[in-house]
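All values below come from the heavy atoms of this structure, side chains included, with hydrogens, waters and symmetry mates left out.
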Amino acid sequence: MTLTQSTNQALLDAQLNLLDNTFGYIKSMALKAALDLRIADAIDHHGGAATLPQIVDRVTLHPSKIPSLRRLMCVLTVSGVFGVRPADGSSELLYALTPTSHLLVGPRNLVSITAMSLSPHFVASYLELGTWFQQELPEPCIFKLAHGEPLWKLAEHDATFDALINDGMVSDTSFIMDIAIKENGEVFQGITVVTLHTTAWGLGAAAQAISKAFPHVEYTVLDLDHVIAKAPTGTNVKYIAGDIFESIPPANAVFLKWILHDWGHDDCVKILRNCKKAIPPRDAGGKVIIMDIVIGAGQSNVKHREVQALFDVYMMIINGIERDELEWKMMFSEAGFTDYKIIPVLGVRSIIEVYP
């Protein structure tokens, strides 16, 4: 290969990478279309593998769009959402559920959290990302810049949007807590727990999961007055109205799932200091349990690192942030904690135990 040919190939490779990034949103919209059409359910109905005519039989589709559906399935198969192989004794292709699309079917699926992330309110917000970078922090966040009000305010008067977020938070919590309890249940054993909320969504899902797995655990959920007013009844979980920036009820442990990434450094230190006041010394079992992303922790493959980086930018929608170990360590130290342990066992997320 000549130098000119080598240079041209490098240019074409660069263009390919540019196009892949440019059209990345089409993969997301293809996935959204699959959710809207319930393609995974259609395939699951046929035992986990189905031809295009079998899929068409189960989805709401105008007949004129059948050739277009075949093109959509091509995107969804090359991106790994579905698998594809020739059907035995037929010229048709057989589309199959993969580990990814298995997460879109069944009683404990991730449809709701995926639909939330792909909803117009969220997707449209990022069209303002470049504009947001030109303005001084802290206000407005990307969501407010796009929609004229913060995410929380919109949910207060838009019941459909509120339900979208609540369903998404519940589905994510149910999924991740099931794995956390099976893989690292010892983190929650032999303690009384206070779990902290700073939003009205997914209320009590983590508490209910731990309470079911460990009936002996005394579990309290702390949230704002208007949120606790909607708390479920007839459970082993106790709900208390309060403000995590003011005080936290005493407990052996305080559990924060996807809370601290909503807040800046100073607010997180305030929360953590209140956590420290609520728990006993380390030798008496006191600790804070955090479930959040630690950028750089866990697997070192490209996909893992990419998703952690994407989550960090995703959190800009509310001026949130994902942190690396050094950033976590600085907050723990400033809040008066002496030690911590990162357990990277939840995919891109980790469990962090923080000790007074």
Any side-chain donor paired with an acceptor under 3.5 Å for [X] and [Y]?
X	Y	value
Ser119	His121	no
Ser117	Thr114	no
Gln9	Asp13	yes

- prompt: When you look at Asp178 and Arg108, which way does the side-chain contact (heavy atoms from CB on, under 4.5 Å) test go after all the steps?
  reply: CA-CA 10 Å; Asp178 183 57; Arg108 188 162 288 182; 3.2 Å; yes

Heavy-atom closest pair, residues [X] and [Y]:
X	Y	value
Ala124	Ala146	O-CB, 4.4 Å
Ala40	Leu97	O-CD2, 3.9 Å
Leu72	Ala30	CD1-CB, 3.6 Å
Ala251	Pro280	O-CD, 3.2 Å
Arg85	Ala49	NH2-CB, 4.2 Å
Ile142	Ser125	CG2-O, 3.0 Å

Nearest 0.5 Å, please: how far is [atom2] in [Y] from [atom1] in [X]?
X	Y	atom1	atom2	value
Leu256	His261	CG	NE2	11.0 Å
Ile317	Leu145	CD1	CG	11.0 Å
His46	Leu94	NE2	CG	10.5 Å
Trp132	Asn319	CH2	CG	5.5 Å
Glu128	Gln134	CD	CD	10.5 Å
Ser247	Leu222	OG	CG	7.5 Å

Should [X] and [Y] be counted in the same cluster of Ile, Leu, Val, Met, Phe, Trp and Tyr side chains packed under 4.5 Å apart?
X	Y	result
Met116	Met177	yes
Leu164	Leu118	no
Phe122	Val111	no
Leu35	Ile165	no
Val170	Val105	no

Would you say that [X] contacts [Y] through its side chain, given a criterion of any heavy-atom pair below 4.5 Å between the two side chains?
X	Y	result
Ile279	Asn252	no
Gln135	Pro140	yes
Leu69	Ile39	yes
Val123	Met29	yes
Val288	Glu353	no
Cys141	Met316	no
Asn166	Met169	no
Asp324	Val294	no

task: Determine the sole option in Arg323, Glu327, Glu334 for which the side-chain hydrogen bond (donor to acceptor under 3.5 Å, both in side chains) test with His265 is passed.
output: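 Of all the options given, the one that passes is Glu334.
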
Given 3.5 Å as the limit, does a donor-acceptor pair link the side chain of [X] with the main chain of [Y], or not?
X	Y	result
Ser171	Ile113	yes
Ser90	Glu92	yes
Glu322	Ile295	no
Asn274	Ile244	yes
His45	Ile55	no

message: Within the supplied structure, the quantity of interest is the number of heavy atoms (other residues, nucleotides, ligands) at a distance under 6.0 Å from Met330 CE; does it exceed 12?
response: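 At most 12 heavy atoms, drawn from other residues, nucleotides or ligands, come within 6.0 Å of this atom.
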
- request: Can you establish whether the number of heavy atoms outside Arg305 located under 6.0 Å from its atom CZ is more than 12?
  value: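 Check passes, neighbour count above 12.
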
Aromatic plane relationship, Tyr314 with Phe311 - under 30° parallel, 30 to 60° tilted, over 60° perpendicular: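 The arrangement is perpendicular - the two ring planes meet at more than 60°.
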
- prompt: Should the ring pair Phe143 and Phe161 be called parallel, tilted or perpendicular, given that the plane angle runs from 0 to 90° and is split at 30 and 60?
  reply: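 Phe143 and Phe161: parallel rings.
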
message: Suppose we call two aromatic rings close when their centres sit under 6.0 Å apart. Are Phe82 and Tyr95 close by that rule?
response: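 No, they do not, as the ring centres are separated by 6.0 Å or more.
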
query: Does the ring center of Phe245 lie less than 6.0 Å from the ring center of Trp263?
result: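 They qualify: ring centres under 6.0 Å apart.
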
- request: Decide salt bridge (charged side-chain N to carboxylate O under 4.0 Å, His left out) for Arg349 and Asp292; before the verdict, give the C-alpha distance in whole Å, the side-chain angles of both, and the deciding distance to 0.1 Å.
  value: CA-CA 5 Å; Arg349 285 179 274 193; Asp292 227 316; over 6 Å; no

- request: For the pair Ser101 and Thr98, evaluate side chain to side chain donor-acceptor pair (under 3.5 Å) and give the outcome as yes or no after the intermediate values.
  value: CA-CA 5 Å; Ser101 43; Thr98 62; 3.3 Å; yes

Salt-bridge test for [X] and [Y]: reply yes if a basic N is under 4.0 Å from a carboxylate O, no otherwise.
X	Y	answer
Asp339	Arg282	yes
Lys144	Glu149	no
Asp172	Lys257	yes
Arg58	Asp41	no
Asp266	Lys270	no

task: List the steps, then state whether side-chain contact (heavy atoms from CB on, under 4.5 Å) holds for Ile290 with Leu260.
output: CA-CA 8 Å; Ile290 298 170; Leu260 297 181; 3.8 Å; yes

field: Stepwise side-chain contact (heavy atoms from CB on, under 4.5 Å) test for Met73 and Leu52
entry: CA-CA 9 Å; Met73 294 304 294; Leu52 197 70; 4.1 Å; yes

message: Between Ile176 and Met291, does the side-chain contact (heavy atoms from CB on, under 4.5 Å) criterion hold? Intermediate values first, please.
response: CA-CA 10 Å; Ile176 204 67; Met291 188 179 292; 3.8 Å; yes

message: By the definition side chain to side chain contact (heavy atoms under 4.5 Å, CB included), identify the one residue from Lys276, Lys287, Met331 that meets it with Phe337.
response: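 Result: among Lys276, Lys287, Met331, Lys276 is the only option passing the side chain to side chain contact (heavy atoms under 4.5 Å, CB included) with Phe337.
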
